[in-house]
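Computation of the quantities below employed the complete heavy-atom set of this structure, encompassing side-chain atoms and omitting hydrogens, waters and symmetry-equivalent molecules. Residue numbers run from 1 in the order of the sequence given. Just follow the structure's listing: the first ligand is 1, and inside any ligand the first atom is 1.
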Amino acid sequence: MARRQPAPYLAQVRYSIDRLATAARLALDLAWAKAGATAPNPAVGCVLLDAAGDIVAMAAHERAGTAHAEAAAIALCRAKGEIDRVHAAVVTLEPCSHTGRTPPCVDELLTTGAKIILIGAPDPHPRAPGRGFERLKAAGRRVLLFSDLEHKEAHDLARSAARLIEPFACAVTQARPFVTIKTALTADGSMIPPPGQKTFTSDISLIHAHTLRRRADAILTGSGSILADDPSFTVRKVPDHARKQRLLAILDRRHRVPEAYFERAREHGLQPLRYNSLEAAMDDLGARGVLEVLVEAGPTLRRAVITQGLWDEEIIFQQEKTAGAPDHMHIVRRDGTIPFSYESALSLDLLPCR
Ligand SMILES: NC(=O)c1ccc[n+]([C@@H]2O[C@H](COP(=O)([O-])OP(=O)(O)OC[C@H]3O[C@@H](n4cnc5c(N)ncnc54)[C@H](OP(=O)(O)O)[C@@H]3O)[C@@H](O)[C@H]2O)c1
């Protein structure tokens with residue numbers, strides 16, 4: 001039987017594709033942990049490897065105005081005096097080639113000896129499509145996508161990178177936020193909690209719900225939910241991003257939500273805003289740089305969001321009929337594409353839970 005040839009991009013190195021796949025996974029973990037912290041910029045992670053496949057440095061983009069992930073990781077290498085060790089750069093998004101608030105990451109990468117640049121997803125920004133790839137290739141670097149890896153996880157890694165960048169892609173190509181609906185259902189399929197209760201899902205579902213909240217730049221709700229439950233919409237079950245100020249969009253055409261509720265929301269660190277229509281809310285949130293909106297509304301507003309096609313993904317937590325059984329959780333996509341199963345979403349940090 002003929003021996004399998006090593007993948008051409010590994011011809012000159014001593015490590016296996018597993019090392020690159022592990023670094024890709026780690027870069028995704030770093031980036032997903034920052035989803036919700038970086039708007040209007042995308043969440044990005046970067047891992048730098050040496051010629052033996054060992055990690056030299058890793059970093060994520062922390063928030064707008066701070067260094068991009070690649071620049072932050074390279075700065076860490078320089079600070080340690082280890083810049084000459086860099087042999088491969090693994091980054092979840094195509095490095096930028098334009099000067100914004102920070103210099104182009106392509107230029108930063110070209111100051112290193114990185115021979116392999118492994119990229120999760122192309123930059124969806126229409127300003128210079130493919131320019132990052134082209135410049136790196138023109139400089140003689142071997143540029144690959146996660147999907148090019150000859151590895152069993154390549155497909156899932158590429159999907160996670162593509163999903164990670166979706167909110168940013170919505171913002172730069174459609175000038176609108178990515179909209180996630182979070183829905184809790186009783187075993188009978190009702191959204192209304194039993195009398196005397198505000199929630200009815202399991203503790204694990206609540207942790208996931210707060211994780212979704214942390215990922216969002218804005219929460220969208222209706223006056224009905226506020227008048228019924230007086231919800232605080234704060235992130236409590238998981239640690240929130242430092243210095244995060246989330247918007248709270250309240251659909252309240254009849255102005256039934258009292259000023260005292262707005263006051264309390266401000267005290268909780270939220271910025272509450274009242275809207276008369278869903279379109280006005282989505283337009284304004286997009287204009288404010290919101291990347292992801294989490295809809296936490298009752299059945300009336302949820303139905304309106306779905307009917308008007310103003311959503312992307314719905315995450316449903318449904319009680320099982322058997323007492324004590326874990327909630328059934330699933331994801332539905334408006335565009336009809338097949339979502340990750342909830343388990344693979346979790347394992348790929350689509351719903352990072354830490
Ligand atoms: N299971 C869950 O996931 C979940 C989540 C949240 C709440 N809930 C439950 O839902 C119940 C409240 O239900 P709800 O349906 O009254 O709450 P809702 O959907 O949050 O709020 C409905 C209100 O939103 C306002 N609204 C503004 N623009 C709208 C539009 N374009 N379309 C529809 N509504 C618009 C309307 O008031 P105006 O006419 O004054 O504008 C409407 O009465 C509570 O029992 C709460 O516990 C369940």
ask   = Per the side chain to side chain donor-acceptor pair (under 3.5 Å) rule, which among R85, H87, R19 passes with D54?
value =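 The option that passes is R19.
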
For [atom], the protein heavy atom that lies nearest, with its residue and separation:
atom: atom 8 (N) of ligand 1; result: G298 CA, 3.8 Å
atom: atom 21 (O) of ligand 1; result: G224 N, 3.1 Å
atom: atom 17 (O) of ligand 1; result: S225 N, 3.3 Å
atom: atom 37 (O) of ligand 1; result: S223 OG, 3.0 Å
atom: atom 48 (C) of ligand 1; result: M191 O, 3.1 Å
atom: atom 30 (C) of ligand 1; result: R253 NH1, 3.6 Å
atom: atom 39 (O) of ligand 1; result: R254 NE, 3.1 Å
atom: atom 13 (O) of ligand 1; result: P299 CD, 3.4 Å

Which segment of [X] sits under 4.0 Å of ligand 1 when only heavy atoms are counted:
X: R256; answer: side chain
X: A297; answer: both
X: L251; answer: both
X: A184; answer: both

task = Return a yes/no value for E296: is any of its N or O atoms, backbone included, closer than 3.5 angstrom to an N or O of ligand 1?
result =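 By distance alone, the answer is no.
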
Going by the atom numbers of ligand 1, which of them fall below 4.0 Å from some non-hydrogen atom of [X]?
X: P193; value: 45 (O), 47 (O)
X: T300; value: 14 (P), 15 (O), 16 (O), 19 (O), 22 (C), 33 (C), 34 (N)
X: T183; value: 3 (O)
X: I192; value: 10 (O), 11 (C), 45 (O)
X: A304; value: 32 (N), 33 (C)

query = Nearest non-hydrogen atom to atom 19 (O) of ligand 1 belongs to which of L301, D252, D229?
reply =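 It is L301 whose heavy atom sits nearest to atom 19 (O) of ligand 1.
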
In terms of side-chain geometry, is the basic nitrogen of [X] or [Y] positioned less than 4.0 Å from the acidic oxygen of its partner?
X: D229; Y: K198; result: no
X: R135; Y: D107; result: yes
X: E314; Y: R302; result: yes
X: E259; Y: R266; result: yes
X: R176; Y: D312; result: yes

request  = State, without any angle test, whether T186 and D188 hold a side-chain donor-acceptor pair at a distance under 3.5 Å.
outcome  =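 Short answer, no.
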
task = Let me know which of I204, T201, L206 forms a side-chain contact (heavy atoms from CB on, under 4.5 Å) with F317.
result =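 The passing option is T201.
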
request  = Report the residue from L301, V295, V305 that forms a side-chain contact (heavy atoms from CB on, under 4.5 Å) with L251.
outcome  =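 Option passing the side-chain contact (heavy atoms from CB on, under 4.5 Å) with L251: L301.
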
ask   = Who pairs with L247 by side chain to side chain contact (heavy atoms under 4.5 Å, CB included), at least two apart in sequence or on another chain?
value =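 If we apply the side chain to side chain contact (heavy atoms under 4.5 Å, CB included) test to L247, skipping adjacent residues, the hits are A218, Q271, L273, L285, R288, V290.
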
task = Can you run down the ring pair (Phe, Tyr, Trp, His ring centres under 6.0 Å) pairs that involve residues 62-85, sequence neighbours left out, and say none if there aren't any?
result =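 Counting only pairs at least two positions apart or across chains, the ring pair (Phe, Tyr, Trp, His ring centres under 6.0 Å) contacts touching residues 62-85 are H61-H68.
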
H328 ring center near H330 ring center (under 6.0 Å) =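 That pair passes the under 6.0 Å test.
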
